[in-house]
Number of protein chains: 2
Amino acid sequence: MADEPKHVGRPKNEAASTALKQAAIMLVREQGYGVSITAIIEAAGVSRQTLYNRWATKAELVLDAFFEQAQTQVSTPDLEGDAPRRRLLAIYLREVFGHVNSDGELLRTLLAEAQIDPGFRKVFFERFVSPRAEIVIDLLRDAQARNEIDAARDPELMTSMLHGALWYRLLIDQPLTDDIADELAGEIFRGGR
Amino acid sequence: MADEPKHVGRPKNEAASTALKQAAIMLVREQGYGVSITAIIEAAGVSRQTLYNRWATKAELVLDAFFEQAQTQVSTPDLEGDAPRRRLLAIYLREVFGHVNSDGELLRTLLAEAQIDPGFRKVFFERFVSPRAEIVIDLLRDAQARNEIDAARDPELMTSMLHGALWYRLLIDQPLTDDIADELAGEIFRGGR
DNA sequence: TACTTAAATAGACTGCAGTCTATAAATTAT
DNA sequence: ATAATTTATAGACTGCAGTCTATTTAAGTA
């Protein structure tokens, strides 16, 4: 059903894509997001247009490169098992805090780009923000089904509070420690039931 | 003890400052933050350097102009009176949501600038974010003193959750309605005591 | 072999924020 | 008056992301 290249014209050079992503993430980690496009394409050994054939903006390239580094994957909480959902939430938050603590500067910059560029905003939220929101919403719904939190509460709003606290504390340089993760889970599950 | 100009050299033209702020807020509301510096100084009828003698960046000028519009002032909750603190919190949140809803686009852009430019970041947080955080922290401490919420909880963390939810929902274009304000207050005061 | 098509390249170009330079203007001090 | 000092002005300049143009290259098709 696939696998027939059926392609007319000069084929895309995949090596250029990976070289660009590698150069981008390396230089951004070295020099920060402010590194110039020119520096990136020179390090990758490709022309300017080749970059813009693949990504619309520097931000999209860097986001892709960032994901390729793959320490951004969140392990979905195990809702099959029997662990208290409060504990699963705390574990999830600790894990996300870890990612944010190791790449906070870059995440801040990408968030900023997302506010400025509507095209990138869509990409950033679809690829980064929404999947994480879904994980927490599912976890909280499951907790409601198990009667660990009140079914009348709104999982989406609670997710706003949790991820909101995460971003807010990142933006204002407040610490994101394991203790904070546990306290946040505690706030949501406060009172039991 | 003051009022002696005691000033050597050509005096600063205050009219230029107000003309710049007026031109800035007008053009930003008309065309968005992307309006050029050149357009702003031409509308104000001053030279480029005159702007940079007064503000370090476009963002600082726009922030000043934004504050001058003054619909950004939050009325501090009345902690002398006897109203339930849950109600005071809901009123505060409704008011802030109102400001955010009328100038969300601009606030998003200023937040983005704050992430990119450390100098502006400091200014933005000192003038905009911190005062609001203080108001909520004071309100929650007062609620603890009145035994309306558990004294063991951390007002700073609850403030992260509340303002975090506000910014998060602004950033991802989720609505900030009066109902949401009330629900957020309800989440914090859930269970009474 | 020619022809068509898509991708790659070098490098010029645009529009922007912010800096710098040289000069003029407005004020106090001598 | 003259000097010293600070602000204002016009406009050139820098460095950047992203676009555009002309040309070349690598593939499929006739």
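Residue numbers start from 1 in every chain, and the chains themselves are labelled A, B, ... in the order their sequence lines are given, proteins ahead of strands. Predicted model only: the values in this text are computed from it and were never measured.
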*Asks:* Return the value, rounded to whole Å, for the distance between atom CD1 of A:I116 and atom C1' of D:dC16.
*Replies:*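 After rounding, the gap between these two atoms is 14 Å.
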*Asks:* If I take atom NZ in residue B:K58 and atom P in nucleotide C:dG15, what distance separates them, rounded to the nearest angstrom?
*Replies:*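 Distance check: B:K58 NZ to C:dG15 P gives 16 Å.
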*Asks:* For A:L27 and D:dC16, what is the distance between atoms CG and C1' respectively, to the nearest whole Å?
*Replies:*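 Going from CG in A:L27 over to C1' in D:dC16 covers 16 Å.
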*Asks:* From C:dA17, C:dA25, C:dA7, pick the nucleotide closest to the side chain of A:R10?
*Replies:*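 Per side-chain heavy atoms of A:R10, the pick is C:dA7.
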*Asks:* When the distance from CD1 of B:I37 to C1' of D:dG11 is rounded to whole Å, what number comes out?
*Replies:* 16 Å
*Asks:* Do any side-chain nitrogens or oxygens of B:N53 fall under 4.0 Å of OP1 or OP2 in D:dA8?
*Replies:*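 Checking D:dA8 against B:N53, a side-chain N or O does come within under 4.0 Å of OP1 or OP2.
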*Asks:* Is there a donor in the side chain of B:T109 and an acceptor in the side chain of A:Q115, or the other way round, less than 3.5 Å apart?
*Replies:* no
*Asks:* Taking the nucleotide of DNA chain D with the closest heavy atom to each, which residue, A:G9 or B:P11, is nearer the 5' end?
*Replies:*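 Closest to the 5' end, via its nearest nucleotide, is B:P11.
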*Asks:* For the pair made of CG in A:L61 and P in D:dG18, what is the distance, rounded to whole Å?
*Replies:*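 Between P of D:dG18 and CG of A:L61: 10 Å.
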*Asks:* Closer than 4.0 angstrom, basic N to acidic O: yes or no for B:D64 and B:R54?
*Replies:* no
*Asks:* What is the distance, to the nearest angstrom, from the NZ atom on A:K12 to the C1' atom on C:dT9?
*Replies:*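 To the nearest whole Å, that distance equals 16 Å.
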*Asks:* Quick check for you: among D:dT6, D:dA17, C:dA7, whose closest atom lies nearest to any side-chain atom of B:H7?
*Replies:*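 Among D:dT6, D:dA17, C:dA7, the one nearest the side chain of B:H7 is D:dT6.
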*Asks:* By the ring pair (Phe, Tyr, Trp, His ring centres under 6.0 Å) test, which pairs, at least two apart or in different chains, include something from residues 17-57 of chain A?
*Replies:* none
*Asks:* I'd like to know if A:R48 pairs up with A:E42 as an ion pair, taking the criterion as any Lys NZ or Arg NE/NH1/NH2 lying under 4.0 Å from an Asp or Glu carboxylate oxygen.
*Replies:* no
*Asks:* Heavy atom of residues 43-52 of chain A under 4.0 Å from DNA chain D: which residues?
*Replies:* A:R48, A:Q49, A:Y52
*Asks:* Please report the distance, rounded to the nearest Å, between CD1 in B:I40 and C1' in C:dG15.
*Replies:*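 Going from B:I40 (CD1) to C:dG15 (C1'), I get 15 Å.
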*Asks:* Could you tell me whether B:E68 and B:K21 make a salt bridge, using a distance below 4.0 angstrom between a side-chain N and a carboxylate O?
*Replies:*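 So B:E68 pairs with B:K21 through a salt bridge.
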*Asks:* Quick test of your reading: applying salt bridge (Lys or Arg N to Asp or Glu O under 4.0 Å), list the pairs with at least one residue in residues 173-182 of chain B, sequence neighbours left out, ordered by first then second residue.
*Replies:*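 Found A:R121-B:D173, B:R94-B:D178, B:R94-B:D182, B:R108-B:D173.
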*Asks:* Nearest-Å distance, CD (B:E14) to P (D:dA8)?
*Replies:* 9 Å
*Asks:* Under a 4.0 Å threshold between the charged nitrogen and the carboxylate oxygen, would B:R153 count as salt-bridged to A:E187?
*Replies:*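 Looking at A:E187 and B:R153, the cut-off is met.
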